[in-house]
Amino acid sequence: MAAQLPYATIHQIFTRFQAAEPEPKGELHHTNAFTLLVAVALSAQATDKGVNRATAGLFPIADTPEKMLALGEEGLIDHIKTIGLYRNKAKNVIRLSEILVRDYGGQVPSSRAALQSLPGVGRKTANVVLNMWWHIPAQAVDTHIFRIGNRTGICPGKDVETVERAIEDQIPAEFQQHAHHWLILHGRYICTARKPRCADCLIHDLCPFEEKTA
DNA sequence: ATCCCGAGGG
DNA sequence: CCCTCTGGAT
């Protein structure tokens with residue numbers, strides 16, 4: 001784990017992210033709160049590309065919990081079979097749809113407790129929905145943000161909740177809104193898990209991480 | 001700590 | 001071949 005960076009350095013880093021990409025956005029396709037929730041739930045241990053490929057056929061016929069129930073678990077599996085963990089995900093999405101219809105009038109709830117009570121929805125997925133749909137300040141820590149937070153020292157921590165608090169405490173207020181997507185996109189295309197492209201990294205001179213030579 | 005689990009990259 | 005991908009439940 002990298003040491004915590006000075007405030008001035010963190011400020012510099014996000015100033016560069018902002019200059020390079022003023023309006024970073026997520027890459028998971030969705031059309032409403034329900035399809036956002038389902039897309040994020042499907043994205044566990046899967047690439048957004050794979051999720052988008054599956055939902056391109058799924059969401060036009062099942063963009064509400066009622067339609068999802070009409071499609072049924074087997075019908076859903078036909079659409080998401082190319083995504084990892086598809087059996088658990090299909091079961092969760094169907095049960096989640098039943099609960100939304102029965103207890104929430106078919107709407108996606110806006111509280112963390114209600115979201116996390118849904119099958120297949122944990123802290124990370126709840127944070128994404130709270131942030132992206134309800135615009136509630138919540139920091140989702142996924143594999144990318146966990147890795148980059150520790151490599152760079154922007155928001156280090158030994159577990160997800162520590163990193164989550166580090167984001168809130170250490171990232172300057174003016175960068176909070178876009179920090180999530182800047183870090184995600186940086187992790188996806190530059191600061192990759194296996195062979196980070198340090199030569200192409202716009203914060204290389206500010207980062208303490210150095211790839212170990214094999 | 002372990003299981004789930006297909007596609008893509010290296 | 002092995003590793004990783006916007007994790008969650010047991």
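So that the names make sense, note that chain A is the first sequence line, chain B the second, and so on, each numbered from 1. Please read these numbers as outputs of a predicted model, since none were measured by experiment.
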How far does CD1 of A:I145 sit from CG of A:L183, to the nearest 0.5 angstrom?
-> 5.0 Å
Of the residues in residues 34-54 of chain A, which ones touch DNA chain B at a heavy-atom distance under 4.0 Å?
-> A:Q45, A:R53
Out of B:dA7, C:dC5, C:dC2, which has the shortest distance to the side chain of A:T82?
-> B:dA7
Short side-chain donor-acceptor distance under 3.5 Å, A:Q18 and A:E174 | no
Whole Å only: how far is the CG atom of A:N131 from the C1' atom of C:dT6?
-> 13 Å
Rounded off to whole Å, could you give me the CD1-to-P distance for the A:I80 and B:dC4 pair?
-> 16 Å
Rounded to whole Å, CG of A:N127 lies from P of C:dG8 at a distance of 9 Å
Between A:A126 and A:T143, which has a closest nucleotide on DNA chain C that is more 5'?
-> A:T143
Please work out if A:L118 contacts a base, only the sugar-phosphate, or nothing of the nucleic acid, heavy-atom cut-off 4.0 Å.
-> sugar-phosphate
Base, sugar-phosphate, or nothing: which does A:G122 touch, judged by heavy atoms less than 4.0 Å apart?
-> sugar-phosphate
Would you say a side-chain N or O of A:T125 is under 4.0 Å from OP1 or OP2 of C:dT6?
-> no
Salt-bridge contact A:R53-A:D48 (side-chain N to carboxylate O under 4.0 Å) | no
A:Y86 side chain: which of B:dG6, C:dC5, B:dC4 is closest?
-> B:dG6
If you measure from CG on A:L185 to SG on A:C191, what distance do you get to the nearest 0.5 Å?
-> 13.0 Å
Of the nucleotides B:dG10, C:dT6, C:dC5, which has the atom closest to the A:K195 side chain?
-> B:dG10
How far does CG of A:D142 sit from CZ of A:R147, to the nearest 0.5 angstrom?
-> 8.5 Å
Strand-adjacent residues in residues 161-185 of chain A, judged by heavy atoms under 4.0 Å from DNA chain B | none
Rounded off to whole Å, could you give me the CZ-to-P distance for the A:R197 and C:dT4 pair?
-> 16 Å
Parallel, tilted or perpendicular: rings of A:W182 and A:F14 (30°, 60°) | tilted
Which value, in whole Å, describes the distance between the C1' atoms of nucleotides C:dT4 and B:dC4?
-> 15 Å
Can you figure out which of C:dG7, C:dC5, B:dG9 approaches the side chain of A:R194 most closely?
-> B:dG9
Give A:R123 one of three labels, base, sugar-phosphate or nothing, depending on what nucleic acid heavy atoms sit under 4.0 Å from its own.
-> sugar-phosphate
Report the distance from atom CZ of A:F146 to atom P of C:dT4, rounded to the nearest whole Å.
-> 14 Å
How many Å lie between CG on A:L85 and P on C:dT4, as a whole number?
-> 16 Å
What distance, rounded to whole Å, do you find between the two P atoms, one in C:dT6 and one in B:dA1?
-> 25 Å
Nearest-Å distance, CG (A:N88) to C1' (C:dC5)?
-> 17 Å
Distance flag, aromatic centroids of A:H30 and A:F59, threshold under 6.0 Å = no
Is the number of heavy atoms from other residues, nucleotides or ligands within 6.0 Å of CZ (A:R16) greater than 12?
-> yes
Rounded to the nearest angstrom, tell me the gap between atom CZ in A:R147 and atom P in C:dG7.
-> 10 Å
Linked, directly or transitively: A:I184 and A:M132 (ILVMFWY side chains, under 4.5 Å) | no
Inspect the contact between A:E27 and A:K49 and indicate whether a charged nitrogen and a carboxylate oxygen are less than 4.0 angstrom apart.
-> no
Taking only the side-chain nitrogens and oxygens of A:R87, find out if one of them lies under 4.0 Å from OP1 or OP2 of B:dC3.
-> no
